[in-house]
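Read through the structure below, which is laid out as structure tokens, and then see the notes.
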Amino acid sequence: MVPRLIPAMLAIATTVAAGGAIATAAPVNIYGIDDANSIWEIDPVAKQFTRVNDTGLGGQSNSMAYDTTRDQFFFTNAATSSLRFWGRGSTGAGSTPAVATLSQIGVGTDPANASYYDNSYWYVTGGQQLLHRVSFSYAGTTPTFASTTPISLAASGYPASNYGDIAINAKTGVLYGTTTGGLFYRINLATAGQPGSYAAIRTGLTSLQVSFNADYSTLFAHSYNTGRWYTLDTSNGNLTDLDFATVVPGTSNGFRDLGGASTTDTGSTCNIAPPGNSDDQFAQVGTTVRYPPKVRIVGSDGAPQAGVEVTFTVTAGGGTIGGQSTVTVATDEDGIATAPAWRMGASAGRNTVLADNVGTVCNLTFSATATAGPPPDPDRPNDGGGTTPQKPVTPLVFPDALNDPGVTSLLTLPIR
């Protein structure tokens, strides 16, 4: 939402909490990006925020938009002149690949606002009466740029020379926007660009960034300049102060832009599940390993997460998983996803399988060694396949008689 350039400042990894809360219909995990290109997870109801990814990008990032279906956040980066996406839960360099150039999506610099709706990334060009719809095609969950459609808002009455932020209610198809001049408005996307599709709701507000919660029941607002959070009434533009501010550590301001919300936080963890060690196994070529790959996903509260889809993919060795190169399995009530039988490839050597899921909470690689002959017994120490050498036992030497020299006389004891 913030159009002016501000030097990037290093954000300190932290979780901040404060007291008080309000009731909403669904969990609130809103995502924002700061001046140092770090992504944060914010819960303005529980009054806490946590840095969840340091993208490693230079320059400035803006215009976040959340795809609820695939748990992906799109945003623009000025340094790379690109539109990028982040799979929720992944971290570090390489976690935000580019999907299009800024020129492809129809803008010379970052547009400072965005929202995701109907398999498309939407933004309003700053200072112009243009709404852009950027569409994608998908191979699995990987987006590929398809087209950009500009929609003129002049006929609808949308005022020119406005910068600001937008949020789309995916249930109603209505776009809500704010401007740096304090305007709060709405656009019916079904008739966008036509007379009557645009309507001003309120004027005189402070400059705000906006994001719906996960079920679109509440529109939240955030001030970059102060870091303060509010709820914003979509019918009349009234603000309710939540008595909560997210000033990024090391700075005096809040988040550059907001991107939408998820029903779950990124505190979920994914680990190799017992019983048995399904990693670092041995099996003869063309046969299955003893323990199939298995992972367990738990939430930030430690509770198992059922129904989470985990994809197991053969990544080396040429083997199969359940007779295929990739298979998707849902976690059970204990949060465990167990892959079908993992069969080694036709050649001796290292075989690997990647366990991954949308949002990349899981990103684990299982390895196994395919052997030309029978593999070592996993239940005994690896001694090279031979028997354990036996140490000779020194026989005991008994005296021939009790009166032998050097032998201490013993008491006479009755023998029974």
Side-chain angles (χ1 to χ4, degrees), residues 1-2 6 8-24 26-57 60-66 68 71-75 86-92 95-96 114-115 165 167 178 206-215 218-232 239-269 299-301 359 361:
M1 171 181 174
V2 183
I6 297 176
M9 291 169 278
L10 179 63
I12 300 172
T14 185
T15 298
V16 184
I22 61 172
T24 60
V28 181
N29 296 293
I30 295 173
Y31 292 86
I33 199 160
D34 66 16
D35 290 332
N37 300 310
S38 289
I39 299 174
W40 295 71
E41 182 178 85
I42 310 107
D43 187 341
V45 175
K47 293 182 169 55
Q48 60 186 18
F49 62 113
T50 305
R51 191 175 74 164
V52 293
N53 187 20
D54 180 1
T55 66
L57 295 171
Q60 291 182 351
S61 297
N62 211 326
S63 313
M64 291 189 77
Y66 174 44
T68 57
D71 260 348
Q72 292 174 344
F73 288 78
F74 292 84
F75 65 96
W86 171 58
R88 193 171 66 96
S90 59
T91 59
S95 63
T96 57
S115 191
D165 198 19
T178 58
T206 185
S207 177
L208 296 168
Q209 301 167 61
V210 288
S211 174
F212 278 101
N213 64 336
D215 69 356
T218 305
L219 182 63
F220 289 88
H222 167 66
S223 168
Y224 167 81
N225 294 321
T226 67
R228 294 197 69 81
W229 284 79
Y230 311 84
T231 56
L232 181 55
L239 285 174
T240 301
D241 194 323
L242 298 182
D243 191 26
F244 174 56
T246 52
V247 176
V248 178
T251 76
S252 58
N253 50 258
F255 302 109
R256 176 162 291 275
D257 196 35
L258 304 179
S262 173
T263 56
T264 59
D265 61 32
T266 55
S268 301
T269 58
S300 57
D301 58 355
V361 172

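- Between the side chain of D165 and the backbone N or O of V210, at least one donor-acceptor pair lies under 3.5 Å.
- Residues R51 and W40 come closest through the heavy atom pair N-CE3, 3.2 Å.
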Stepwise side-chain hydrogen bond (donor to acceptor under 3.5 Å, both in side chains) check, Y31 with N53: CA-CA 11 Å; Y31 292 86; N53 187 20; over 6 Å; no
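- In terms of heavy atoms, G32 sits closest to I42 at N-CD1, 3.7 Å.
- Screening F220, Y66, F212 against I30 for a side-chain contact (heavy atoms from CB on, under 4.5 Å) leaves a single residue, F220.
- Residues R256 and N62 share a closest heavy-atom pair of CG-ND2, 3.6 Å.
- Summarising the geometry of G87 relative to Q72, their closest heavy-atom pair is CA-CG, 4.4 Å, with the distance given to 0.1 Å.
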Between T251 and D34, does the side chain to side chain contact (heavy atoms under 4.5 Å, CB included) criterion hold? Intermediate values first, please. CA-CA 10 Å; T251 76; D34 66 16; over 6 Å; no
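- Rounded to the nearest 0.5 Å, atoms OG1 (T96) and CG (D54) are 10.0 Å apart.
- Of all heavy-atom pairs spanning A214 and A261, the tightest one is N-CB, 3.7 Å.
- Between F255 and H222, the angle of the ring planes lies from 30° to 60°, which puts this pair in the tilted group.
- In terms of heavy atoms, P44 sits closest to V28 at CD-CG1, 3.4 Å.
- Atoms CH2 and CD, on W229 and Q209 in that order, are 8.0 Å from each other to the nearest 0.5 Å.
- In terms of modelled atom types and a separation under 3.5 Å, the side chain of E41 and the main chain of N29 share no donor-acceptor contact.
- The OG atom of S38 lies 10.0 Å from the CG atom of L57; values are rounded to the nearest 0.5 Å.
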Go through the steps to decide whether T240 and Y230 satisfy the test side chain to side chain contact (heavy atoms under 4.5 Å, CB included), and finish with yes or no. CA-CA 5 Å; T240 301; Y230 311 84; 5.8 Å; no
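- With sequence neighbours excluded, the residues forming a side chain to side chain donor-acceptor pair (under 3.5 Å) with T226 are S223, listed by chain and number.
- At distances below 3.5 Å, at least one donor-acceptor pair connects side-chain atoms of T178 with backbone N or O atoms of L208.
- Annotation: salt bridge (charged side-chain N to carboxylate O under 4.0 Å, His left out) contacts involving residues 222-232, sequence neighbours excluded, comprise R228-D241, R228-D243.
- Put simply, the side chain of T55 gets close to the backbone of N37: a donor and an acceptor are under 3.5 Å apart.
- Atoms CG and CG, from L232 and L219 in turn, are 5.0 Å apart once rounded to the nearest 0.5 Å.
- Distance check: I33 CD1 to I39 CD1 gives 5.0 Å after rounding to the nearest 0.5 Å.
- Annotation: ring-ring contact (aromatic ring centres under 6.0 Å, His included) contacts of F75 (sequence neighbours excluded): none.
- Classification of the F244-F49 ring pair by plane angle, with boundaries at 30° and 60°, yields perpendicular.
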